[in-house]
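All remarks here apply to the structure that follows.
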Number of protein chains: 2
Amino acid sequence: MDNNVKNYADEEHCPVRNVLDRFGDKWSMLVLMLLSDMEVLRFNEIHKYIGTISQKMLTVTLKKLEVDGLVNRKAYPEIPPRVEYSLTDRTKTLMPIIQDLAQWANQNMADIQYSRSKAV
Amino acid sequence: MDNNVKNYADEEHCPVRNVLDRFGDKWSMLVLMLLSDMEVLRFNEIHKYIGTISQKMLTVTLKKLEVDGLVNRKAYPEIPPRVEYSLTDRTKTLMPIIQDLAQWANQNMADIQYSRSKAV
DNA sequence: CAGTATCCGCGCGGATACTG
DNA sequence: CAGTATCCGCGCGGATACTG
């Protein structure tokens, strides 16, 4: 139980903190879900699917995910260049959990919105 | 499939976006996990468990969670005041998913950290 | 005890222009 | 096509002082 206390205070070792640090940002999870559905996508394809993301943020998001080993990046030595992105095996084991989360959100968001509106 | 496209572009109706907007902030998930473990906690108890949260952010976080119907707030009309926080029934159905997420993080974070260190 | 009120820095992410 | 480079505003969250 003393251990329990430490887990909540210690940011370094809190797993939820680590998860949020990886893809708690504005776009990462959306990119992961898109790649989960489409399997393989090129840079501009992702950009078109997520119409509202800026080019810079797509670059930053993909690079971060790649560095963390959450997406594969395959560049073909062609002109014009072609780069394909896909989920890594590790990330594929994560997606069912994300799906659960999305499903929970779908089932509960209407009630939450209602709860929120009453409070105001 | 045209529907699929819309889901990714449309921020209003993306369930994952909605989830992250609710507890993708710095402290919400941590508070939820703590309340999940301890069941009922007073304001200052939460503050002590999460040593690094500021008083302001704990207030803000709890208020947001309460407004969204994700935590119960029960104030006793005493002096000095006593306020108890606990999860709502709705949030209790969310916690297994969060636990899965935490477990996945625990199992994969070491590899991700290694992947990240190689990239630098 | 359980908050409010105020001030403020930093960094996330958008906009725009440019490139191998 | 798949990025890079630069500039910049806004809002999240910390610090500090105060209160019914």
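Labels below follow one simple rule: chain letters A, B, ... track the order of the sequence lines, proteins then strands, and each chain is numbered from 1. Given the structure is predicted, the values throughout are model-derived calculations rather than measurements.
Note: CD1 (B:I46) to C1' (C:dA2) measures 11 Å, nearest angstrom. One interatomic measurement links the two molecules: OH of A:Y85 to C1' of D:dC1, which rounds to 11 Å at whole-angstrom precision. When rounded to the nearest whole Å, the span between CZ of B:R73 and C1' of C:dA2 equals 8 Å. Rounded to whole Å, the distance from CZ on A:R82 to C1' on D:dG3 is 16 Å. Rounding to whole angstrom units, CG of residue B:L62 and P of C:dC1 are separated by 16 Å. Atom CD of A:E84 and atom P of D:dG3 are 12 Å apart (whole Å). Distance, B:Y76 OH to C:dC1 C1': 14 Å, rounded to whole Å. The interatomic distance linking B:E45 (CD) with C:dG3 (P) rounds to 13 Å, in whole Å.
Scored by the side-chain hydrogen bond (donor to acceptor under 3.5 Å, both in side chains) test, B:E84 finds B:Y76, B:R82 as partners (sequence neighbours excluded).
Closest approach of B:H47 to B:I53, counting heavy atoms only: NE2-O, 3.0 Å. A pairwise comparison of heavy atoms in B:E45 and B:V40 identifies OE1-O, 4.3 Å as the closest pair.
Between B:K63 and the phosphate of C:dT4, there is a side-chain N or O to OP1/OP2 separation shorter than 4.0 Å. Phosphate proximity of C:dA2 to B:R42: present, with a side-chain N or O under 4.0 Å from OP1 or OP2.
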N/O to N/O distances under 3.5 Å, protein versus nucleotides 8-13 of chain C:
unit_1 : atom_1 : unit_2 : atom_2 : d
C:dG13 : OP1    : A:K26  : N      : 3.0
C:dG13 : N7     : A:K56  : NZ     : 3.1

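With values rounded to the nearest 0.5 angstrom, A:I46 atom CD1 is found 11.0 Å from A:M38 atom CE.
Comparing atom distances between the A:Q55 side chain and each of C:dA2, C:dA17, C:dG20 picks out C:dA17 as nearest. Ranking C:dG3, D:dA2, C:dA2 by closeness to the A:P81 side chain, first place goes to D:dA2.
Within the 4.5 Å cutoff, side-chain heavy atoms of B:Q107 are placed close to those of B:Q103. B:R17 has its side chain within reach of A:W27: a pair of non-hydrogen atoms, C-beta onward, lies under 4.5 Å apart.
In the helix from C:dC1-D:dG20 to C:dG20-D:dC1, the terminal helix axes, each the rotation mapping four pairs' C1' atoms onto the next four within five end pairs, subtend 60°, rounded to 10°.
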Atom pairs and distances, donor-acceptor, side-chain atoms in residues 57-67 of chain B, under 3.5 Å, two or more places apart:
unit_1 : atom_1 : unit_2 : atom_2 : d
B:T59  : OG1    : B:Q55  : O      : 3.0
B:T61  : OG1    : B:M57  : O      : 2.6
B:K64  : NZ     : B:D21  : O      : 2.7
B:K64  : NZ     : B:R22  : O      : 3.0
B:K64  : NZ     : B:D25  : OD2    : 3.4

Anything under 3.5 Å between a donor and an acceptor, one on a side chain of residues 90-97 of chain B, the other on a protein residue two or more places apart or in another chain? List them.
unit_1 : atom_1 : unit_2 : atom_2 : d
B:R90  : NE     : A:N108 : OD1    : 3.4
B:R90  : NH2    : A:D111 : OD2    : 3.2
B:T91  : OG1    : B:L70  : O      : 2.6
B:T91  : OG1    : B:T88  : OG1    : 2.8
B:T93  : OG1    : A:W104 : NE1    : 2.8
B:T93  : OG1    : B:R90  : O      : 2.6

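For residues 93-110 of chain A, the set of pairs meeting the salt bridge (Lys or Arg N to Asp or Glu O under 4.0 Å) definition, not counting sequence neighbours, is empty.
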